[in-house]
Amino acid sequence: QKEVEQNSGPLSVPEGAIASLNCTYSDRVSQSFFWYRQYSGKSPELIMSIYSNGDKEDGRFTAQLNKASQYVSLLIRDSQPSDSATYLCAVNPNGQNFVFGPGTRLSVLP
Amino acid sequence: DAGVIQSPRHEVTEMGQEVTLRCKPISGHDYLFWYRQTMMRGLELLIYFNNNVPIDDSGMPEDRFSAKMPNASFSTLKIQPSEPRDSAVYFCASSLGDGYTFGSGTRLTVV
């Protein structure tokens with residue numbers, strides 16, 4: 001059973017703080033990992049992808065991957081109220097279809 | 001690029017009726033996916049196609065659901081007959097084998 005787990009939240013952080021979102025996965029052969037952001041009533045949009053162990057930075061976002069621990073995280077620096085959304089972790093175990101986690105709802109308080 | 005286009009955006013139908021959801025993927029993308037999203041179950045993969053060929057339909061809940069991709073620019077998901085428990089948001093997504101691009105979704109309500 002391929003599973004992806006996330007804390008459901010809600011995760012509340014004050015504006016300007018660092019938000020840390022975590023994800024674990026069960027399929028050791030997975031090679032690619034993605035973070036999607038989904039605003040209420042909207043479709044998921046891709047914000048980060050990561051394929052190698054370590055950190056990958058893109059603006060205020062940093063994705064971290066540890067394949068040995070089967071763990072991937074997303075850090076959002078200088079959180080803004082506009083970052084309030086549900087963040088979905090996705091794992092691509094076979095190079096074709098994704099398995100999505102249940103999502104973590106983030107609320108950034110002004 | 002217009003992105004992944006889904007229609008209709010909203011559909012309200014009575015139990016027992018046939019429902020057809022439509023999707024136009026991004027030109028050049030060779031993978032197409034149909035997902036269903038509910039509060040209880042999150043995003044569930046229903047079926048996906050590669051080069052118009054169905055690859056995995058193990059997520060299709062039952063025989064009432066069927067999907068087709070007659071060409072590279074069009075796919076349909078059909079539910080016949082529809083039931084209230086089918087109420088959800090149905091997303092179509094396409095990709096080149098990497099990150100997905102989702103359509104805006106179809107919100108289906110079966111009463």
Side-chain angles (χ1 to χ4, degrees), chain A residues 1-10 21-27 29-52 56 58 61 63 65 72 74 85-106, chain B residues 1-7 9-10 21 23-26 29-60 67 69 88-109:
Chain A
Q1 178 78 16
K2 299 181 177 66
E3 291 185 351
V4 178
E5 298 184 355
Q6 300 179 249
N7 291 333
S8 60
L21 305 164
N22 303 317
C23 172
T24 58
Y25 59 95
S26 62
D27 193 337
V29 302
S30 298
Q31 293 297 316
S32 52
F33 308 85
F34 304 84
W35 283 98
Y36 282 79
R37 177 176 62 200
Q38 187 175 25
Y39 292 114
S40 180
K42 302 295 185 181
S43 59
E45 58 177 325
L46 179 65
I47 54 173
M48 288 285 287
S49 60
I50 187 166
Y51 307 96
S52 303
K56 178 181 177 182
D58 184 359
F61 298 97
L65 174 61
V72 58
L74 179 69
T86 296
Y87 288 80
L88 299 163
C89 174
V91 174
N92 191 338
N94 60 9
Q96 296 184 2
N97 63 293
F98 288 9
V99 178
F100 283 86
T104 298
R105 189 154 56 92
L106 172 66
Chain B
D1 190 344
V4 178
I5 300 173
Q6 290 187 247
S7 64
R9 289 296 306 274
H10 302 275
L21 312 181
C23 175
K24 176 179 170 57
I26 292 173
H29 282 192
D30 55 357
Y31 285 90
L32 183 139
F33 306 84
W34 283 100
Y35 279 84
R36 176 172 70 176
Q37 187 174 41
T38 61
M39 288 293 293
M40 290 297 296
R41 300 174 68 92
L43 268 171
E44 300 176 279
L45 177 65
L46 300 177
I47 185 172
Y48 74 96
F49 297 83
N50 180 220
N51 293 321
N52 314 337
V53 176
I55 303 300
D56 184 353
D57 65 354
S58 59
M60 297 285 260
M69 191 166 185
V89 179
Y90 290 80
F91 287 106
C92 175
S94 70
S95 83
L96 284 169
D98 202 339
Y100 291 3
T101 300
F102 283 85
S104 299
T106 295
R107 181 173 296 277
L108 174 65
T109 303

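Order of the sequence lines fixes the chain letters, A, B, ..., with proteins taken first and strands second; residue numbering starts at 1 for each chain. What you see is a predicted model; the values in this text were computed from it and never measured.
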Pick one of side chain, backbone, both or neither for [X], based on which atoms fall under 4.5 Å of a heavy atom in chain B.
X	value
F33(A)	neither
N97(A)	both
P44(A)	both
Q31(A)	neither

Legend entry - Distance, nearest 0.5 Å, that separates CG of L88(A) from CD of Q37(B): 7.0 Å
Legend entry - Atom of F91(B), atom of K42(A) and distance for their closest heavy-atom approach: CZ-O, 4.0 Å
Inset, instruction - Answer whether the closest heavy-atom distance between the side chains of V4(B) and S43(A) falls below 4.5 Å. - result: no
Legend entry - Min side-chain heavy-atom separation F100(A)-Y35(B) under 4.5 Å: yes
Inset, instruction - Identify which of F98(A), Y36(A), F34(A) forms the greatest number of heavy-atom pairs closer than 4.5 Å to chain B. - result: F98(A)
Legend entry - Contact class of Y31(B) relative to chain A, heavy atoms under 4.5 angstrom: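 For Y31(B), the contact with chain A is made by the side chain alone.
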